[in-house]
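Let me begin by presenting the structure, written as structure tokens, before commenting on it.
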2 protein chains.
Amino acid sequence: MAKKTLTTLQTIAERLHLSVSTVSRVLNGKSNQYRISSRTQQAVRDMACQLDFKPNQLARSLRLRKTQTLGLVIPDISNPFFAQIARSVEIEARRHRYSIILCDTQESTELEIESVRLLRSREVEGLILLPVGQQSKHLTNLQTEDFPVVIVDRFLPDLDLPYVASNNYRGAYDAVCYLVNHSHTKIACLQGLPGTSPNERRVRGYLDALQAHNIAPDLDLIRGDSYGSQTGYDQTRQLLSEKVSVTALFALSNLIALGAIRALVELNLRIGEDISILCFDDQPYLAYMDPPITTVDQQNTEMGRLAVRLLFEQLADETIEKKNVLLPTKFIERKSVKNLCLERRNKCTPKH
Amino acid sequence: MAKKTLTTLQTIAERLHLSVSTVSRVLNGKSNQYRISSRTQQAVRDMACQLDFKPNQLARSLRLRKTQTLGLVIPDISNPFFAQIARSVEIEARRHRYSIILCDTQESTELEIESVRLLRSREVEGLILLPVGQQSKHLTNLQTEDFPVVIVDRFLPDLDLPYVASNNYRGAYDAVCYLVNHSHTKIACLQGLPGTSPNERRVRGYLDALQAHNIAPDLDLIRGDSYGSQTGYDQTRQLLSEKVSVTALFALSNLIALGAIRALVELNLRIGEDISILCFDDQPYLAYMDPPITTVDQQNTEMGRLAVRLLFEQLADETIEKKNVLLPTKFIERKSVKNLCLERRNKCTPKH
DNA sequence: TTGTAAGCGTTATCAT
DNA sequence: ATGATAACGCTTACAA
């Protein structure tokens, strides 16, 4: 194999009988500042181009103590919800000439711990962290060392780190109001991962909306333990074998809804007729189902962009003014909820 | 703000009145090799732990000329197909203790060029590249400098770089055979991005399958110019307004199918009854549509894993034996294709 | 207008 | 069994 002889400042300098400093200065656009002759400038540039010189960012980073790199820690990049966030994070970071090191934690706190350590070891300047979310103590030192970080989606109640998330409470509250206004009172809640903030907020919104309409919540109607589709399927089958009076399902993720829908189809229940369904996280296909599914959409792209923006604010300012952002959700009405009765109930307003 | 005073080998060495070399050796598990006293070993380890020492990988990489990093270049990470590949790449890389720098090229060759340059500048040891795929000359120097790289999904005919992709030709061929065996002869092909290898191979499979059954292909039935859903919608509307006799649609991506389905619904055509549809790229929701959609599934996870494996083979061996892999697709029969006639046609076998 | 030299944090080579 | 030193490729005072 041909010897891999890479081009460095040294190489260029030698060929032109110059010092590395001069070459470095030219290539960093400091020619004017150092009054480098235009002849030299041209020669350096030409040679750099000719040799296809690529500055070694490693050396640069080491010297400058600046890596132009952010860490992105995500529970499951193959989940479209996370993938959309990842995309906007990458794009926004690149706008600032930063690169992204990606870690998929596979929904494991253990891998999350390892990932954060790894990324810090690689001297990333900051972290965009979508935590698994059920534990938080492994993140306390990020706080005490005030290492630049922005938490996204699932935040940690007992940790005071800046975050950006959807207004899950409000989104759920509004959704349940919508159901109630369509005269549903027996509404099951197919929840995601208990103990994670989006889940807790949504469940709280569900409960509060019911109470605001003087409907006594039945805690037994809250079922499930993960954001995946299997749970949606299992819980729906189980539930409908017990509680036949349920008229609507509120699924806390689109995958849960997918599972639920399969169960309903198997049970020969017509969606939007025999039973209504409504779910969190819009995805393109939901508009194409039969019937199209009514959803609570999150602003994924905005979430990613904002996270990066907040991170850069931390990197720039000495004064880290902790700023948390809750993005509004967007209710998308389609055809999966039946209006059981034509007269509307009283209008509703959320508590928080 | 508290001064950011990071712990280095130096710090530990000073505190223990040792040299950095000794500390380095202990922390790199070379204690035995250098016969370091167990007392020293213990002291070093304790201090490292106490100070929460994280070795600076930048310095390490620079010195060792080994970054333990791969570059992943992807046209659109928010596309579930790509996201699934990305995930398996990340997981497989991590198994080898490698990190991933992610670049989303937004389907732009220009950004692809920039990304490759950037990644090489960051001294990644190898590249997993999912090219935009319509141009290739900007990648020739990867070949001439034999920089370790594996191309995934879309490969470049005039470039001799190792790749892993699905057997798109065979997948399409089989799918069209299936349609023909269900007595369809007027089959439209809703294609993706022309000029990209998966598209060309699939179209070729489509044509060959028709010819193998003595059906003269009508080139006017091949429509479309991108993998997105808008194309699927537009082309389907257009097509059905012109060619009413078409009985089946073969969509070359699931997004195209989604668009097509919307068009069909709007036209009041019942899928699997009035018209049949079949598409590439299985996604979870396709099983839940009404009717469930028959698809040609690709082994995304395997593709990512294999790509990393091929890349590591390159990194290990001096002898770069170029190895290309075509993964078989998997035909998933559901309910979206109607059998127009009960007697079957003759069995089919592909040409390649 | 350009060169010299120190240093970023690590590891490898050669001493002792 | 441990230490001193050079080097990885780059930037930046400080010289000249």
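Throughout, protein chains are lettered first and strands after them, A, B, ... in sequence-line order, and every chain is numbered starting at 1.
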- prompt: B/Arg65 side chain N/O closer than 4.0 Å to the phosphate oxygens (OP1, OP2) of D/dG9?
  reply: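 Affirmative; the distance criterion is met.
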
A/Asn28 side chain near D/dT11 phosphate (N/O to OP1/OP2, under 4.0 Å):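 Looking at the OP1 and OP2 atoms of D/dT11, one of them is under 4.0 Å from a side-chain N or O of A/Asn28.
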
- prompt: Excluding sequence neighbours, so at least two apart, what forms side chain to side chain donor-acceptor pair (under 3.5 Å) with A/Ser108?
  reply: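 With neighbours one apart ignored, the set is empty.
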
- prompt: For A/Thr69, which residues count as a side chain to side chain donor-acceptor pair (under 3.5 Å) partner, sequence neighbours excluded?
  reply: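 Partners of A/Thr69 by the side chain to side chain donor-acceptor pair (under 3.5 Å) criterion, ordered by chain and then number, come out as B/Arg122.
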
Atom-pair distance ([atom1] on [X]; [atom2] on [N]), nearest Å:
| X | N | atom1 | atom2 | result |
| --- | --- | --- | --- | --- |
| B/Arg25 | D/dT2 | CZ | C1' | 7 Å |
| B/Leu58 | D/dT11 | CG | C1' | 14 Å |
| B/Gln41 | D/dT2 | CD | C1' | 13 Å |
| A/Leu64 | D/dC8 | CG | P | 20 Å |
| B/Asn56 | D/dC8 | CG | C1' | 13 Å |
| B/Arg60 | D/dG9 | CZ | C1' | 18 Å |
| B/Leu27 | D/dT2 | CG | P | 14 Å |

Does [X] come within less than 4.0 Å of [Y], counting only side-chain N to carboxylate O?
| X | Y | value |
| --- | --- | --- |
| A/Glu90 | A/Arg94 | yes |
| B/Glu114 | B/Arg117 | no |
| B/Glu107 | A/Arg87 | no |

task: Check each residue of residues 10-21 of chain B for a non-hydrogen atom within less than 4.0 Å of any atom in DNA chain C, then write out the ones that pass by number, or none.
output: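 Contacting residues: B/Ser21.
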
- request: Determine to 10° how strongly the helix from C/dT1-D/dA16 to C/dT16-D/dA1 is bent, judged from the axes of its five-pair ends.
  value: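 One end's axis against the other's: 50°.
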
Looking at every strand, decide which applies to [X] at a 4.0 Å heavy-atom threshold: base, sugar-phosphate, or nothing.
| X | answer |
| --- | --- |
| B/Ile36 | sugar-phosphate |
| A/Lys66 | nothing |
| B/Thr40 | sugar-phosphate |
| A/Arg35 | base |

Minimum heavy-atom distance B/Ile36-B/Gln41, with the two atoms named: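 The answer is O-NE2, 2.9 Å.
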
State, yes or no, whether a side-chain contact exists between [X] and [Y] at a heavy-atom distance under 4.5 Å.
| X | Y | value |
| --- | --- | --- |
| B/Leu193 | B/Gln134 | yes |
| A/Gln57 | B/Glu123 | no |
| B/Tyr163 | B/Leu326 | yes |

message: Within a 6.0 Å radius of atom CZ on A/Arg45, are there more than 12 heavy atoms belonging to other residues, nucleotides or ligands?
response: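 Enclosed.
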
- prompt: For A/Asp46 and A/Gln42, what are the C-alpha separation, side-chain angles and deciding distance, and is it a side chain to side chain donor-acceptor pair (under 3.5 Å)?
  reply: CA-CA 6 Å; A/Asp46 287 352; A/Gln42 202 52 51; 3.2 Å; yes

message: I'd like to check the salt bridge (Lys or Arg N to Asp or Glu O under 4.0 Å) partners of B/Glu110; sequence neighbours left out, ordered by chain and number.
response: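 Partners of B/Glu110 by the salt bridge (Lys or Arg N to Asp or Glu O under 4.0 Å) criterion come out as none, since no residue qualifies.
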
query: Which is the 5'-most and which the 3'-most nucleotide of DNA chain C that has an atom under 4.0 Å from a heavy atom of chain B?
result: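 Result: C/dG9 to C/dT13.
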
task: Could you pick out which residue, B/Tyr34 or B/Phe53, lies toward the 5' side of DNA chain C when each is mapped onto its nearest nucleotide?
output: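 Its nearest nucleotide being more 5', the pick is B/Phe53.
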
